[in-house]
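Below is one structure, written out as structure tokens, with a few remarks after it.
In what follows, every chain begins at residue 1, and chains take the letters A, B, ... in the order their sequences are listed.
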2 protein chains.
Amino acid sequence: MSDKTPTIYDVARAAGVAPSTVSRAFSRPDRVNVDTAAMIRATAAALGYRTNPLARALPTGQTSMIALATADITNPYYFEIIRGAQDAAAERGYTTLLSDAQESVTRERESIERAIPTVEGIVLASTRMSDSAIRMVAKQRPLIVINRDITDVPHVVADHAMSVRQAVDHLVGLGHRHITYLSGPDAAWVNAMRWRALRSYAAEHEVQVRRVGPYPPTATGGRQAAEEFRDHRTSAVIAYNDLLAIGFIRRLVSFGARVPQDVSVVGFDNIFVTQLTSPEITSVAPPLRTLGSMAVHNLLALIGGASPTTGRPLALPTRLYARGSTGAAPTRRRAWRSVTSPAPRESATTPGNRLPSPD
Amino acid sequence: MSDKTPTIYDVARAAGVAPSTVSRAFSRPDRVNVDTAAMIRATAAALGYRTNPLARALPTGQTSMIALATADITNPYYFEIIRGAQDAAAERGYTTLLSDAQESVTRERESIERAIPTVEGIVLASTRMSDSAIRMVAKQRPLIVINRDITDVPHVVADHAMSVRQAVDHLVGLGHRHITYLSGPDAAWVNAMRWRALRSYAAEHEVQVRRVGPYPPTATGGRQAAEEFRDHRTSAVIAYNDLLAIGFIRRLVSFGARVPQDVSVVGFDNIFVTQLTSPEITSVAPPLRTLGSMAVHNLLALIGGASPTTGRPLALPTRLYARGSTGAAPTRRRAWRSVTSPAPRESATTPGNRLPSPD
DNA sequence: GACCTGACGGCAAGCGGTTGCCGGGAGTTG
DNA sequence: CAACTCCCGGCAACCGCTTGCCGTCAGGTC
């Protein structure tokens, strides 16, 4: 009994067959007699044999791995996408390699470059790369892009027009007629889509919209936005995403504004944090989990040799969750509560994540 | 020009040397003449050659991958750990394979089993596995455990005693003398440590402590906790983690309690969400990022052949961030505000993440 | 009974690197 | 100038699994 992990050769010897037969017993069961196969499996099990994915990958190129590239893994937005993707992948025996670009294009490219040789395909979730860069990657590996419509590259997208309609309808239903859009990163395709959809839909409904930004898609970005909003108020605000909405509201409140009495705010993505704030955030939820799993399904089909055109990129429906951050439009504009009144304080501390390592 | 990616053989032919020389030019530059090496690198670059990690891994076993196993990737607690680990790994040319157990022991074991053949080492972040199961894994691959002190298995831990002291000192400083501990999962080693430390430290300071739970380490768990707390109040509460603290506070507030006037709450981990709630959550921050990077450093050392005893497991210092959820103890206990008064409403909706896939 | 067919197992050549070992030649030493 | 080192490049044998191809043999056909 050697301490090394057993190989097909060990199994072959023990079972009295050729290595090739052992191999086939696992990878091509139909190619070998059922009894022989059963016998081989049995001895393999007894020896504790497990096929080495690396060795298998070399001749076949099948690593059973796919990459899921995210712009920032700490953004709750990705949670459900990741879950959906991983579940779908695991179901088919694939492992998901999560890559995190930390919101940097360079890092994104690097980590993708690095992943390419080991993965069979790639899912790009809200990439910041240019169309041409994406096409370069698509040339090397099967690729699916989430939430970005790029010609000739297969993708899955949420129905952005629908999401915007839901947000606007909700606000209009509450009597709002003036909406400010807090813009996300310019490089984010979704941001552009939302704004475009918003503008055209608003036009149809005699709603005034204007855009401010761009801001980083974080709570900090939202705070910034609030500073600027202060001088150009509207009764309603649509934020590029929930994090932005949250930061925005917090700062606004610290200015003495009341949400939703003075300002109604709706976000996008419906991340779990929307339910942990006061007020809770009204948010439009894209089917994140479905996007993730669908992306992987399509990717796996592509890897399996399906033609890229299969499965027309239909836009997945979204849904609005009405919560405390939206309410009836004020009948007439009034001054915000004085700033001197006791407003919830905001902490200036930052997480102490960079403690020196004690050595 | 073939469309296949070039191999060392292609480079060798183009450069007029043997494949082995090409190989060495990359993996053992000192073993080959500098000029030759430079020439080879040049032709390699011209051909667009890049060494295939899979092929390299087969004979050497060096996959340049490590696994980071988390109990629940959607828990913000892991963010900084992940970042720290990934940075440290990337710095040394390693790729991190993130695995997500979704809080299930079976899944955790499965994904680790699955990862073992492809990774050189493993970091276990707050595993739910038993000591013996962990030792089994440690037998197969170099292993580092985060935040769990298990004999004979190398680990990195935060100073739990210190964190508890900080929480208690903070509360005592505010005049609190009765503390309830909201317990996390029984399987979480940290939970046990905290409670133990809390009990002994409290005893020294004439503070009454009691424990309730266990609860799942989520906002929902916190809500549950609030239900039970309602009938057995104390002026101060220490929650197993921030999520628990947040859920707890929200429910409490919906009961008419005021935080921090009636109840002070401190959490652990200092996740980013603590700064997005009202009130913001006072929290004790373990050096998450350092834990992550240190774990990887040690792991890499282990892989490099260092003896496991190297680098005594010292406990990393923690730090408390005082925020709005804690305040002076009430001079005397008084009734909570009536439940009928307008309390912030809590949404009953759940994220619509499981939209049927439209096919 | 000769011939054909299909199922099944084995042989051996890869997949793309790595590495122990060998040997030629330049440089060093006495 | 002989003897000895080193440096450096090549040869070839792996690493563990897959797979095209071939041979054997049982069963079916006429």
message = Measuring only between side-chain heavy atoms, which start at C-beta, is Met65(A) closer than 4.5 Å to Thr96(A)?
response = no
task = Identify, with sequence neighbours excluded, every residue that meets salt bridge (Lys or Arg N to Asp or Glu O under 4.0 Å) alongside Asp131(A).
result = Arg148(A)
ask   = Between the two ends of the helix from dG1(C)-dC30(D) to dG30(C)-dC1(D), what is the bend in degrees, rounded to 10 degrees, where each end axis spans five pairs?
value = 40°
request  = Could you tell me whether Asp100(B) and Arg83(A) have a side-chain N and a carboxylate O separated by less than 4.0 Å?
outcome  = yes
message = Using a 4.0 Å cut-off on heavy atoms, which residues in residues 110-118 of chain B reach DNA chain C? List them by number, or say none.
response = none
message = Test of understanding: with salt bridge (Lys or Arg N to Asp or Glu O under 4.0 Å), list the residues that count as partners of Arg50(A), not counting sequence neighbours.
response = Glu113(B)
task = Let me have a per-nucleotide readout for nucleotides 15-26 of chain C, 5' to 3', with B, S or -, counting only protein heavy atoms under 4.0 Å.
result = BBBBBBB-----
query = Where do Ile144(A) and Val156(A) come nearest, in terms of heavy atoms and distance?
reply = CG2-N, 4.4 Å
request  = Report the distance from atom CG of Leu47(A) to atom OG1 of Thr43(A), rounding to the nearest 0.5 Å.
outcome  = 7.0 Å
query = Is it true that Arg289(A) and Asp87(A) have a side-chain N and a carboxylate O under 4.0 angstrom from each other?
reply = yes
ask   = In whole angstroms, how far is the C1' atom of dC7(D) from the CG atom of Asp30(B)?
value = 12 Å
request  = Provide the full list of ring pair (Phe, Tyr, Trp, His ring centres under 6.0 Å) pairs with a residue in residues 18-63 of chain B, sequence neighbours left out, each pair given once.
outcome  = Phe26(B)-Tyr49(B)
note = Between Thr118(B) and Pro53(A) the two heavy atoms that sit nearest each other are CG2-CG, 3.8 Å
query = Can you find a pair of side-chain heavy atoms, one from Leu124(B) and one from Ile146(B), that are under 4.5 Å apart?
reply = no
